[in-house]
Amino acid sequence: KVKSSTNIEVIREQVSAISSETKDKLEQSGWVISPLSSKDNHVRVVGFNLQVPLNKALEDLEQIKSNIVELKLSFKEISDSTILVLKEFKQLEKLWLDHTRITDQSLKLINEFKKLSYLNLSYTGVTAKGLELLNPTSVIKKIYAYNTGIQKNELPSISKRMPQTSFFTASDSMEIVPSDTLFVRK
């Protein structure tokens with residue numbers, strides 16, 4: 001058991017530490033790898049300044065897939081075909097896909113992530129039809145979907161279908177907050 005960033009106790013499988021050699025190699029290719037806790041070996045990985053093609057970077061990242069519980073792929077060239085690489089990242093609890101080229105088709109993959117509690121789909125081609133592909137009993141607590149194809153009048157039926165999930169869209173009072181992610185360019 002560890003306390004998450006929201007002070008909620010979560011049970012995670014114990015995983016081996018990432019070797020310094022592996023971590024250094026991944027960071028040299030542009031991944032930012034941050035520990036989530038001093039009590040376990042799980043990490044948050046951000047791919048904002050990748051120095052290698054995305055497909056190669058994601059393939060390289062697979063060697064630490066069991067350690068990754070948070071993955072930020074904001075502004076990356078992720079599409080419905082490239083997202084399939086993520087299928088093996090079964091430990092994901094938080095996933096940022098905002099500002100990518102994904103559409104409803106990609107949401108089928110989201111059901112593979114049984115531990116996912118947070119999903120950012122802002123500025124993508126996702127619609128309400130795509131959200132219908134999500135398992136209504138998933139553990140997703142928050143979905144950010146600013147500037148998507150989801151219409152305000154579609155939210156009540158989506159919320160009814162997934163009552164455990166809070167949806168944040170352009171129709172919310174926080175319209176000026178397109179993402180909860182801060183970015184720094186090198």
Side-chain angles (χ1 to χ4, degrees), residues 1-13 36-37 42-48 58 65 68-183:
K1 289 183 182 180
V2 294
K3 291 224 182 211
S4 71
S5 58
T6 56
N7 277 339
I8 297 171
E9 270 196 329
V10 293
I11 298 173
R12 296 184 180 132
E13 296 175 24
L36 292 178
S37 167
H42 292 95
V43 296
R44 170 185 302 125
V45 177
V46 181
F48 192 65
L58 288 171
K65 64 187 175 195
I68 301 171
V69 294
E70 296 184 13
L71 181 58
K72 292 188 179 192
L73 295 172
S74 307
F75 293 95
K76 294 284 132 254
E77 289 295 318
I78 298 281
S79 66
D80 294 331
S81 58
T82 55
I83 197 169
L84 296 175
V85 174
L86 298 180
K87 190 174 186 173
E88 299 303 317
F89 290 71
K90 303 286 188 193
Q91 303 302 320
L92 288 179
E93 296 170 12
K94 295 183 179 183
L95 179 60
W96 286 258
L97 294 170
D98 55 291
H99 298 87
T100 64
R101 294 182 295 142
I102 66 163
T103 66
D104 294 343
Q105 185 178 349
S106 291
L107 295 184
K108 294 175 193 171
L109 175 68
I110 299 304
N111 291 321
E112 300 282 328
F113 306 127
K114 305 298 185 205
K115 299 176 181 183
L116 196 67
S117 64
Y118 173 99
L119 180 61
N120 192 328
L121 301 170
S122 297
Y123 295 85
T124 65
V126 171
T127 68
K129 281 196 181 290
L131 292 180
E132 290 175 11
L133 299 171
L134 295 177
N135 182 346
T137 61
S138 74
V139 297
I140 301 174
K141 299 291 181 217
K142 293 181 182 179
I143 295 179
Y144 285 80
Y146 294 97
N147 200 26
T148 62
I150 300 169
Q151 303 301 313
K152 183 178 182 178
N153 64 344
E154 296 170 315
L155 286 175
S157 64
I158 296 168
S159 294
K160 185 177 181 180
R161 187 175 170 278
M162 297 179 75
Q164 77 286 4
T165 305
S166 297
F167 294 90
F168 300 91
T169 66
S171 62
D172 293 330
S173 61
M174 294 178 57
E175 289 183 41
I176 60 168
V177 183
S179 176
D180 68 337
T181 305
L182 296 176
F183 298 98

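Just so it is clear, the structure is predicted and the values come from calculations on it, not from any experiment. Count residues from 1 along the sequence.
- Applying the side-chain hydrogen bond (donor to acceptor under 3.5 Å, both in side chains) criterion to Ser157, with sequence neighbours excluded, gives no partner residue.
- A tilted orientation is assigned to the rings of Tyr118 and Tyr144, their planes being inclined by 30° to 60°.
- We find the CG-NZ distance between Leu84 and Lys108 to be 10.0 Å, quoted to the nearest 0.5 Å.
- For the atom pair CZ of Arg44 and CG of Leu71, the computed distance is 11.5 Å after rounding to the nearest 0.5 Å.
- Between the CG atom of Leu58 and the CZ atom of Phe89 there is a distance of 6.0 Å, given to the nearest 0.5 Å.
- In terms of the side-chain hydrogen bond (donor to acceptor under 3.5 Å, both in side chains) criterion, residue partners of Thr103 (sequence neighbours excluded) are, by chain and number, Asp80.
- Listed by chain and number, the residues in a side-chain contact (heavy atoms from CB on, under 4.5 Å) with Arg161 are Pro136 (sequence neighbours excluded).
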>> Does Leu109 form a side-chain contact (heavy atoms from CB on, under 4.5 Å) with Ser106? I'd like the steps, not just the answer.
In response: CA-CA 6 Å; Leu109 175 68; Ser106 291; 5.8 Å; no

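- Side-chain contact between Thr100 and Leu121: absent, with no pair of heavy atoms (C-beta onward) separated by less than 4.5 Å.
- Looking at Ser159, its side chain does come within 3.5 Å of a backbone N or O of Leu155 through a donor-acceptor pair.
- Looking at residues two or more places apart in sequence or on another chain, you find no side-chain hydrogen bond (donor to acceptor under 3.5 Å, both in side chains) involving Asn111.
- Taking Glu112 as the reference, Lys90 meet the salt bridge (Lys or Arg N to Asp or Glu O under 4.0 Å) condition, with sequence neighbours excluded.
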> Taking it one step at a time, do Lys94 and Trp96 satisfy side-chain contact (heavy atoms from CB on, under 4.5 Å)?
Replying inline: CA-CA 7 Å; Lys94 295 183 179 183; Trp96 286 258; 3.5 Å; yes

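- Remark: Ser138 pairs with no residue by the side-chain hydrogen bond (donor to acceptor under 3.5 Å, both in side chains) rule, at least two apart or across chains.
- Atoms CD and OG1, from Gln151 and Thr169 in turn, are 9.5 Å apart once rounded to the nearest 0.5 Å.
- Side-chain atoms of Asp98 do not come within 3.5 Å of backbone N or O of Tyr123 as any donor-acceptor pair.
- Contact detail for Gly149 and Glu154: the closest heavy-atom pair is O-OE1, 3.8 Å.
- With respect to Arg12, the side-chain hydrogen bond (donor to acceptor under 3.5 Å, both in side chains) criterion is satisfied by exactly one of Gln91, Glu93, His42: Glu93.
- With 3.5 Å as the limit, one finds no donor-acceptor pair spanning the side chains of Gln164 and Lys141.
- You'll find the side chain of Leu131 reaches within 4.5 Å of the side chain of Ile150, heavy atoms only.
- Distance alone, capped at 3.5 Å, is enough to place a donor-acceptor pair between the Thr165 side chain and the Ile140 backbone.
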>> Determine whether Leu36 and Val43 satisfy the following criterion, side-chain contact (heavy atoms from CB on, under 4.5 Å), listing intermediate values before the conclusion.
In response: CA-CA 5 Å; Leu36 292 178; Val43 296; 5.6 Å; no

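- Here the closest heavy-atom approach between residue Met162 and residue Asn135 is recorded as CE-O, 3.9 Å.
- For the atom pair CG (Leu73) and CG (Leu97), the distance works out to 6.0 Å, reported to the nearest 0.5 Å.
- Between the CG atom of Leu95 and the CD atom of Glu70 there is a distance of 10.5 Å, given to the nearest 0.5 Å.
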